[in-house]
Amino acid sequence: MPELPEVEAVCRKLRRTAQGGVIASGHIVRKRITAPQAPEEVEAQAAGRRIERVERRGKNIFLHLAGGLAMHVHPRMTGNLEVIQDARFRPHSTSAWFEFEDGRALLFADSRGLGTLRLTGELPEFGIEPLSRGFTHAAFARLAGESSAPVKLFLMDQSKIAGIGNIYAAEALWRAGVSPFRPADRLSAARLLTLRNELAAVLREGVKSAVAAYAKPGGFNEAEPFQLLVYDREGEPCFRCGAKIRRVAQGGRSTYYCGRCQR
DNA sequence: AACACGACCTGGTAGC
DNA sequence: TGCTACCAGGTCGTGT
């Protein structure tokens, strides 16, 4: 489920709740989430370690543990990390949990169970962070110029830009008035600048909205990311020109767009 | 190299 | 009400 803004909100909350916690014991419920690592190995290696720092890279969460090891969590579609007061009350969707010495627990809840959790000594390479200072017009234009893929697929390629998923790609393209099918390397400099700015803006708004939503108990399952202007609006009128929003499959995913004002 | 597609899972819901 | 079919904020491996 989560894209960059939701993962960022989770990380900010974990810094207030999980950071500083000392893991007493680990419990991997869904055994395959640690593959190719053995679940027992992850449980044993995590035990006794303090959570020193929480870091986000794209949609990935890294909990840096004492001793130079990091817990790498990818929520995929429905995963969520949060600290609960009592591990006995963990939900049915629990993929894993880590009990702290003080009785609280770090919970990895994931209704679909596609999320992953591994221990790593070294962080892998990711694409550029779209909310970082390095995400300049020049950097964006250079990356786009190297890709002949449809611009929506380009935006979602995690090795190029990290953290953009199906919703935010659609929203940014709609706001910029850019067709999701246009090859990335055939956009003018002016349109790339607009797209870069809309991308950054929609992600910032998403973070703000997600942070507010996560402040409430319950987490993100009940929270709309924010006002969606095109995603999931098939058949409804475009807010800009009134034409019907369309949905087509692109790269195996649904792409929502306005065929009239996205060019 | 650049696609499309199925697999991995569970749950919600639209439609009959 | 109950059943079915389809859909889902992601990624990876395989095949064309």
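Throughout, a chain's letter reflects where its sequence line sits, starting with A, and its residues are numbered from 1.
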Less than 3.5 Å apart, any donor N or O on the side chain of R263(A) or S179(A) sitting next to an acceptor on the other? no
Does a donor on one side chain sit under 3.5 Å from an acceptor on the other, for Y168(A) and E6(A)? yes
Nearest-Å distance, [atom1] ([X]) to [atom2] ([N])?
X	N	atom1	atom2	answer
D232(A)	dG9(C)	CG	C1'	11 Å
D185(A)	dA1(B)	CG	P	16 Å
F154(A)	dC3(B)	CZ	P	13 Å
N60(A)	dG9(C)	CG	P	18 Å
D157(A)	dG10(C)	CG	P	13 Å
L114(A)	dG13(C)	CG	P	15 Å
R253(A)	dC7(C)	CZ	C1'	12 Å
R247(A)	dG9(C)	CZ	P	10 Å

Quick one: do R196(A) and E198(A) make a salt bridge, cutoff under 4.0 Å? no
Between R104(A) and E82(A), is there a side-chain N and carboxylate O pair less than 4.0 Å apart?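 No, R104(A) and E82(A) are not salt-bridged.
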For T78(A), run the side chain to side chain contact (heavy atoms under 4.5 Å, CB included) check against S95(A), S93(A), S111(A), P2(A) and tell me which one passes.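 The passing option is S111(A).
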In whole angstrom, give me the gap between the C1' atoms of dC3(B) and dG9(C).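 To the nearest whole Å, 23 Å.
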Which whole number of Å gives the distance between the P atom of dG10(C) and that of dA1(B)? 26 Å
Is there a side-chain polar atom (N or O) of [X] under 4.0 Å from OP1 or OP2 of [N]?
X	N	value
H74(A)	dT11(C)	yes
K59(A)	dG9(C)	no
Y256(A)	dA8(C)	yes
Q158(A)	dT11(C)	yes

Cation-pi between R233(A) and F239(A): NZ/CZ under 6.0 Å from ring centre and within 45° of the ring axis?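 R233(A) over F239(A) ring: yes.
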Given the rule that a pair is Watson-Crick or G-U wobble with both distances under 3.5 Å, how would you write DNA chain B in dot-bracket, using | for pairs to a different strand? .|||||||.|||||||
E146(A): what forms a salt bridge (Lys or Arg N to Asp or Glu O under 4.0 Å) with it, not counting sequence neighbours? R142(A)
List the residues meeting salt bridge (Lys or Arg N to Asp or Glu O under 4.0 Å) with E99(A), not counting sequence neighbours, and say none if there are none. none
Base, sugar-phosphate, or nothing for [X], non-hydrogen atoms under 4.0 angstrom?
X	answer
A249(A)	nothing
F181(A)	nothing
G115(A)	nothing

Tell me, please, which residues at least two apart from Q158(A) pass side chain to side chain donor-acceptor pair (under 3.5 Å). none
Applying side chain to side chain donor-acceptor pair (under 3.5 Å), can you list everything that pairs with E8(A), at least two apart in sequence or on another chain?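 Here the qualifying residues are R12(A), R56(A).
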Hey, what are the protein-to-nucleotides 10-16 of chain B N/O distances that come in under 3.5 Å?
residue: dT10(B); atom: O4'; partner: S111(A); partner atom: O; Å: 3.2
residue: dT10(B); atom: O3'; partner: S111(A); partner atom: O; Å: 3.4

